Asker: 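Dropping a structure here in structure tokens format, bear with me for questions.
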Amino acid sequence: MEYQFSEVESKWQKKWSDDHVYRTSDDDSREKFYCLEMYPYPSGKLHMGHVRNYSIGDVLARFKRRLGFNVLYPMGYDAMGLPAENAAIKMDIDPEEWTLRCIEIMQKQQKRMGFSYDWEHYVNTCLPDYYRWNQWIFLQFYKNGLAYKKKASINWCNSCGTVLANEQVIDGQCWRCDNNVVEKDLEQWFFNIRKYADELLESTEKLTEWPEQVRLMQRNWIGKSIGTEIHFPIADSDYSIPAFTTRPDTLMGVCYLVLAPEYPLIPELIQDSQKKAEIEDFITRARRKSKIERTAEQVEKEGIFIDRYMVHPITGENMPVFIADYVLMDYGTGAVMAVPAHDQRDFEFSKKYDLPIKVVITPDRKDPLKLEDMKEAYVDPGYLINSGEFNGLEHMAAKTNITEKLKEKGLGDFSTTYRIRDWLISRQRYWGTPIPIIYCGKCGIVPVPEDDLPVILPKDAKFTGEGNPLENSPTFKNAICPVCGSDARRETDTMDTFVDSSWYFLRYVSPKLEDKPFDKNLAEKWMPVDHYIGGITHAILHLLYSRFFMKALRDIGLADIDEPFSRLTTQGMVLKEGEVMSKSKGNVVDPGELIETYGADSTRAFMLFAAPPEKEYDWNDAGIHGVSRFLNRIWTLIHEKKELITEYKDKTDSLDLNSKADKQLARVIETTTKHVTESIDHLHFNTGIAALMEFLNEIRDFSIEHPEYADTPSRASLFARAMIRLVSLLNPFAPHITEELWEHMGFEDYLSVSDWPAYDESLMKAEEKTIVVQVNGKVRGNLIIPADLPEEEIKRRAPELDNVQKFISGGIKKIIYVKDRLVNIVV
RNA sequence: GCGAGAGUGGCGGAAUUGGCAGACGCGCUAGACUUAGGAUCUAGUAGGGUAACACCUGUGGGGGUUCGAGUCCCCCCUCUCGCACCA
């Protein structure tokens, strides 16, 4: 009877679904386990990365379920985004229709893989019953000062025709289309994530079950710097320009001040300058450069003196003010105090423009550092020199001292700066959540009243590929002011789709709720997610935004939860010939074909067997035969012995172990159980499956060596015990075939929800053990001894081995014994 | 440049954390069964060496600690990822 995977797999998929085997219960006293996978963007087909992601999650969900946990294991779709809109432009199809069609295909494939999702816990972010809650949350944020609008110099992608968040600009290029990003000034909506910068940073420490790499990336992204903000009054004016520095100890070494080209005060400062035109020209050129040009490594710093001077806050000396392209407007205050002797960039700038350099820190007090000896800036610790009243201070102490002094004079204070920017959420696109705001000529910015939600995307939009379709939809754009009733204009920007994914895991707990985004009690019951599995590509954006959302929602009072994800696993990418699979490269492996050829069980088990979850895997499907063969061997063996197993299946506990082989098999049953249990716990699925393969090999050896076992009741029950255990342990990796075999062996309940086997330590003890005998650390023989042989006896017997004798003729210095493992004879 | 991680057979990968390196699988070789097999089964498979053992060498390279090192320490090389004029 040959194994027909396609029949068996669809049979069980139907049964599981019909009988709601994986349905989650909210009303359940068992310990909860929330297993979450990063939901997919429904681009159409499932790819190998998805298969890997969901295979990992499904094993965990199935394992925990069988261990007696009440498991929430949902799936949904991150359904808003550009591809649907591009499809609309190209194929003249409604984005919603296109998306829903893709979801249908994708979901079918997921079902075909047999993942144990509870499909009643489902979200689809492109439907108004989801995105209305994005709008609702936006309004709560707005009320609480967490959403605001401001004119901002933003990152603009000409090719996508939209604004991008800082996080979406990679090496100065658009994260999606790789086109160069340019700067533009626009009125945009922001979420105030900076407000949570400190908490996000601090609570990173609590995420002990996250990969260290991800925590580090988050920390770097937040980029906290502690320092001092110093005010530099501008000579002959009332202005004062603040500059942030982490090195206030070098204040006495300041030689000039440098402003970013975008610095807002510049037009006023240069108003009366004779060089005005020249300076303006410089600024225009600097701003026209793309970010990539401006920040490239070897680019020489360029600047221009603006004919103004600042007053040194301590000495009162007048010093020049420059504009330079290497100063960034979006970090610190957009102004830098230049200390050429102790900052490499300032050093280079001074050399280029022949500006003074003043050494104020020396590593050696007795032999002070001299400018003539310096080929580069000195940035290491030291003592202050040429610093008047601060001379001789150690530089760390000087930081405090000098800041205190500035504080006294009202010209500075301790300050903390973050690299992270507020999250720009406006997108000039159609296929996203409309921002629920109305602009009224009389009342200004008016939030859409909650009762009027959702603001639904119009059906009359035209997709020409130019501009925002919502701008050109009169039914959408024209509105009535909810406050005064006069004609008004609706906000036509939509939200970044990262808003959708920042709280979808909360919607899963009560996906059909109609009056709130999620049920507070249920959220507090299920959250945090116990195990979150997804790609490393989301290590910063999605995870940071979600963490921010959780904290913001907590402070608004929607749920008392600090962190959304307790444990995080970032699965390695699936590559092909060392490259990321992509349609443009034409190197995409279609899991659909694998399923057709080998079945879902083989496909997912192989994916897990091929490499540990966190590692990259360069796809090579040669190995899938091995897993497929393994499943077929189990199938064959069970069908050869089906009657026997059925007969003895209820007598597997009364073991009567007579021979060495019996005891050996009985032991392997237990050690394999232990090994597989631990390997799932530790996410070492590859070794878990390997242990099951070894287990099968043992059983087959046993049945070949003891063909008479069928006639011996004790052996028959031992054999049955082994086969039942094998099938049971294999179930999370290959759920369909094991469920079928379970049935064939005469069991009536679903294996997928039956108890996970415990292991019996008493059966794991061996009567005999093998001890390795070494001479000077090299293996020279084995000693097979009774398990309870005392140490002295082992040490006595080891040197007697034939092969050992010839190596110890020089005389034994000492003998080292490692319990149950080895004897090392030192000569 | 800074930060993190990784280098083990022809390949994917194991190694109870300092104790038999190469589990398990792929591939390959030989054989069996077969009209045939890219199906299945059996045996072998790190390199050298041997009739077979023995033995020697071996975890990117070089040193060190130890009875004993893939694992710990120091130096170097290579690769991958993240950040990158952050004041």
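Chain letters run A, B, ... following the sequence lines, proteins first and then strands; every chain starts at 1. None of the values given here were measured: they were computed from a predicted structure.
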Asker: For C85(B) and U66(B), measure between their P atoms and round to the nearest Å.
Answerer: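 That atom pair is separated by 48 Å.
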Asker: Find every protein N or O atom lying less than 3.5 Å from an N or O atom of nucleotides 43-45 of chain B, and list the pairs.
Answerer:
none

Asker: Closer than 4.0 Å, any side-chain N/O of Lys615(A) to the OP1 or OP2 of G13(B)?
Answerer: yes
Asker: Which of the following nucleotides, C55(B), A4(B), C86(B), is nearest to the side chain of Phe807(A)?
Answerer: C55(B)
Asker: What does nucleotides 19-26 of chain B look like as a protein-contact string, B for base, S for sugar-phosphate only, - for none, at under 4.0 angstrom between heavy atoms?
Answerer: BB--BBSS
Asker: Which residues pass the ring-ring contact (aromatic ring centres under 6.0 Å, His included) test with Phe695(A), not counting sequence neighbours?
Answerer: none
Asker: Please classify the nucleic acid contact of Asn803(A) as base, sugar-phosphate, or nothing, using heavy-atom distances under 4.0 Å.
Answerer: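 The residue Asn803(A) makes sugar-phosphate contact but no base contact.
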Asker: Counting Watson-Crick and G-U wobble pairs whose two distances are both under 3.5 Å, find the runs of 3 or more in a row that involve RNA chain B.
Answerer: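 Stem list for RNA chain B: B:1-7 with B:77-83, B:10-12 with B:24-26, B:27-32 with B:40-45, B:46-48 with B:55-57, B:60-64 with B:72-76.
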Asker: For Lys778(A) and U57(B), is the shortest distance between a side-chain N/O and OP1 or OP2 below 4.0 Å?
Answerer: yes
Asker: With sequence neighbours left out, write down each residue that passes side chain to side chain donor-acceptor pair (under 3.5 Å) with Lys352(A), or none if nothing qualifies.
Answerer: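 Here the qualifying residues are Glu300(A).
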Asker: Answer yes or no on whether Arg780(A) is positioned over the face of Phe807(A), meaning its NZ or CZ is under 6.0 Å from the six-membered ring centre and within 45° of the axis.
Answerer: yes
Asker: Could you work out which one of C67(B), C55(B), A87(B) sits closest to the side chain of Lys814(A)?
Answerer: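 Selected nucleotide: C67(B).
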Asker: Give every donor-acceptor pair under 3.5 Å between a side-chain atom in residues 332-340 of chain A and any protein atom, sequence neighbours left out.
Answerer:
unit_1	atom_1	unit_2	atom_2	d
Thr333(A)	OG1	Pro242(A)	O	2.7
Thr333(A)	OG1	Ala335(A)	N	3.4
Thr333(A)	OG1	Ala335(A)	O	3.4

Asker: Base, sugar-phosphate, or nothing: which does Val826(A) touch, judged by heavy atoms less than 4.0 Å apart?
Answerer: sugar-phosphate
